[in-house]
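A short worksheet on the structure shown next.
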Amino acid sequence: MVRTRIAPSPTGEDLHIGNLYTALLNWTWARKNNGAFIIRIEDTDRTRLVPGSEEQILKTLAAFGLSPDEPFCRQSERLSIYHEYVEQLVDKGHAYYCFCTPERLDTVRKEQIAQKKQPKYDRHCLSLSPNEVNEKIERGEPHVIRMKIPEGKTTFHDVIHGDITIDNATIDDTILLKSDQFPTYHLAVVIDDHLMNITHVIRAEEWIPSTPKHVLLYHMFGWQLPVFVHTPILRNPDKSKLSKRKNPVWSSWYLAQGYLPDAILNYFGLMGWSHPEGKEIFNRDEFIRLFDIKDIQSVGPVFDIAKLTWMNGEYIRMMDLSQLTKKIHNFFGDRYSIELTKQIVPLVQERIKTLQEFDTYSSFFLAAPAAYEQDLSAQRDLLISIAGRLDSLTDWTAQNIGYVLEELAREKSVSNSKLFMALRIAITGKKITPPINESMVTLGKTESIARIKKAAE
RNA sequence: GCCGUCAUCGUCUAGAGGCCUAGGACGACACCCUUUCAAGGUGUAGACCGCGGGUUCGAAUCCCGCUGGCGGCACCA
């Protein structure tokens, strides 16, 4: 049975968008194989813990419909398990206690760098006798447990990258258990993935360099290796790893902007993977059916928000009116009444790319413009004529409005373009708006004419 | 610096030796439509497949080297 997982750290304000991408891949692979997708909170870094982060991450995942098949777990509640296993490693001679202070470590590292050598622990504490170790522990000296990297080379297979070999000499005697008795990622991830029967470790490729450590640990424990799948990492436009300095990275930011979960996930489906028929728009079921981890490309794609925005617009366009109306009304709370929303949605559905954009198109329905995007001083006479003509209109429909205004333009020898632009600015204050005649119907005759007269002042 | 990894239009990608004078999508641009801006429709430009060698009758596709990008080198994950 296929079992996948994602292992977010509650050290940020929300789920990182890159983690959402990995979550999608893991979730999809589990779904495709009728397996299980689980969430494990990796909260072993007590200093970077952010309150509320875990809750937000879980909430975001749920909002995207990537819910786990089992209750989530926290590494901080599994400390005794890590202690038990790391002791096994010490007993077998695969790990050792280290009492070096951070200051000494720092000094050693700086010397190594100055000598242009690779910064690596110098195994200062490896020579300690068992008695010395016991004495130091009894005395309460702070200590960590380090992995004793054996000589040789380590090779592992990755579904996307093929065989990867690393010389063990380049691997540091990594800390497995920190002085606060919490495990480091390397120890915890191996133990948990094994104990939780994870079959496929699908994670970002930034983990490739530390995978040999994990492989070594599996060997030391005598455990079977999972399948490793190192996925490309999403990039900023400058190709660096996606970061919050250069891009919005918190998943719920996209939700708050009015991007739809399905559109975002569909967009991610195009990152490093492509539909066999070249289709751009496809739903989750189709993705599950066609997706295969072996087809993922190894290049790190740039996260292109312009294409995401286009795709989101396509999703909005595909929604039926009542569904979209409900969604927009919920999105804005009481800012737009359900009745008003219902009237506006048909006017803007084709043009909005995000739910948030609804507001930029529609805010003039709520209040008369406070400012005009274009100067109307040269159009006063024209506006007054428009107001007069509309005032005499008895049947207030979009068609009639269009008819009389077109007639007015002809009489005045003014281009439609000019007349309607002046009207548009007068009514909405903006240059880009929903169809103006229909908008005026929604706004009502009295209000519309009042706005035109005001603009002519 | 050391280790690893990757390399097709600005971006996402198709391409697994001849179907490629390299296809699609986003974006850009142009035109059309039009009771208007936008939206929509149509079309155009855009990669000599990072560079240099090889293998082959034939290479974007295979091999080698180089260069460049990216990632990693914490008591962070």
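Lettering of chains follows the sequences in order, A, B, ..., and the numbering in each one begins at 1.
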I'd like to know if [X] reaches the base of [N] with its side chain, counting only an N/O donor and acceptor under 3.5 Å.
X: A:Asn416; N: B:rU35; value: no
X: A:Lys279; N: B:rA25; value: no
X: A:Ser179; N: B:rC75; value: yes

Does [N] pair with anything, Watson-Crick or G-U wobble, both distances under 3.5 Å, and if so, with which nucleotide?
N: B:rC19; result: none
N: B:rG1; result: B:rC73
N: B:rA14; result: none
N: B:rC49; result: none
N: B:rC62; result: B:rG54
N: B:rA28; result: B:rU44
N: B:rA39; result: none
N: B:rC9; result: none

Write down the distance separating the [atom1] atoms in [N] and [M], rounded off to the nearest Å.
N: B:rU8; M: B:rC62; atom1: P; value: 13 Å
N: B:rC20; M: B:rG1; atom1: P; value: 44 Å
N: B:rG54; M: B:rU61; atom1: P; value: 14 Å
N: B:rC51; M: B:rG69; atom1: C1'; value: 15 Å
N: B:rC6; M: B:rC66; atom1: C1'; value: 15 Å
N: B:rG24; M: B:rC9; atom1: C1'; value: 12 Å
N: B:rA25; M: B:rG46; atom1: C1'; value: 14 Å
N: B:rA22; M: B:rA60; atom1: P; value: 11 Å

Using a 4.0 Å heavy-atom cut-off across all strands, classify [X] as base, sugar-phosphate, or nothing.
X: A:Ile113; value: nothing
X: A:Ile208; value: sugar-phosphate
X: A:Ser298; value: sugar-phosphate

Contact nearer the 5' end of RNA chain B, comparing A:Glu314 with A:Met271: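 Taking each residue's closest nucleotide, the earlier one in sequence belongs to A:Met271.
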Check [Y] with [X], please: is the shortest side-chain N to carboxylate O separation under 4.0 Å?
X: A:Arg40; Y: A:Glu42; answer: yes
X: A:Lys412; Y: A:Asp381; answer: no
X: A:Arg109; Y: A:Asp122; answer: no

If the cut-off is 4.0 Å, is [X] near the phosphate of [N], judged by side-chain N/O to OP1 or OP2?
X: A:Lys178; N: B:rA77; result: yes
X: A:Thr44; N: B:rA77; result: yes
X: A:Thr170; N: B:rC2; result: no
X: A:Arg235; N: B:rC70; result: no
X: A:Gln297; N: B:rA14; result: yes

What integer distance in Å separates [X]:[atom1] from [N]:[atom2]?
X: A:Lys239; N: B:rA7; atom1: NZ; atom2: P; answer: 11 Å
X: A:Phe156; N: B:rU5; atom1: CZ; atom2: C1'; answer: 10 Å
X: A:Asp173; N: B:rC75; atom1: CG; atom2: C1'; answer: 14 Å
X: A:Lys241; N: B:rC76; atom1: NZ; atom2: P; answer: 16 Å
X: A:Leu242; N: B:rC12; atom1: CG; atom2: P; answer: 13 Å
X: A:Leu234; N: B:rC6; atom1: CG; atom2: P; answer: 18 Å
X: A:Lys246; N: B:rC70; atom1: NZ; atom2: P; answer: 9 Å
X: A:Arg5; N: B:rA77; atom1: CZ; atom2: P; answer: 14 Å

With distance as the sole test, does A:His275 use its side chain to make a donor-acceptor pair with the main-chain N or O of A:Glu277 at under 3.5 Å?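 Yes, A:His275 side chain to A:Glu277 backbone: donor-acceptor pair under 3.5 Å.
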Within the distance-only criterion (no hydrogens, no angle test), does the side chain of A:Asn247 pair as donor or acceptor with the backbone N or O of A:Leu242 below 3.5 angstrom?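 No; judged by distance alone, with no hydrogens or angles, the pair does not exist.
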Could you check whether A:Tyr259 and A:Tyr315 have their ring centres less than 6.0 Å apart?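 No; A:Tyr259 has its ring centre 6.0 Å or more from that of A:Tyr315.
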Of all the choices, [options], which nucleotide is nearest to the side chain of [X] once you look at every atom?
X: A:Arg317; options: B:rC37, B:rA38, B:rA39; value: B:rA39
X: A:Thr184; options: B:rC76, B:rG71, B:rC37; value: B:rC76
X: A:Val299; options: B:rA77, B:rC6, B:rG24; value: B:rC6

Going by atom types alone, do A:Thr309 and A:Asn312 pair a side-chain donor with an acceptor below 3.5 Å?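 Distance-only check fails for A:Thr309 and A:Asn312.
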Indicate whether the side chain of A:Thr174 and that of A:Asp172 have a donor and an acceptor atom separated by less than 3.5 Å.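 No - no donor-acceptor pair under 3.5 Å links their side chains.
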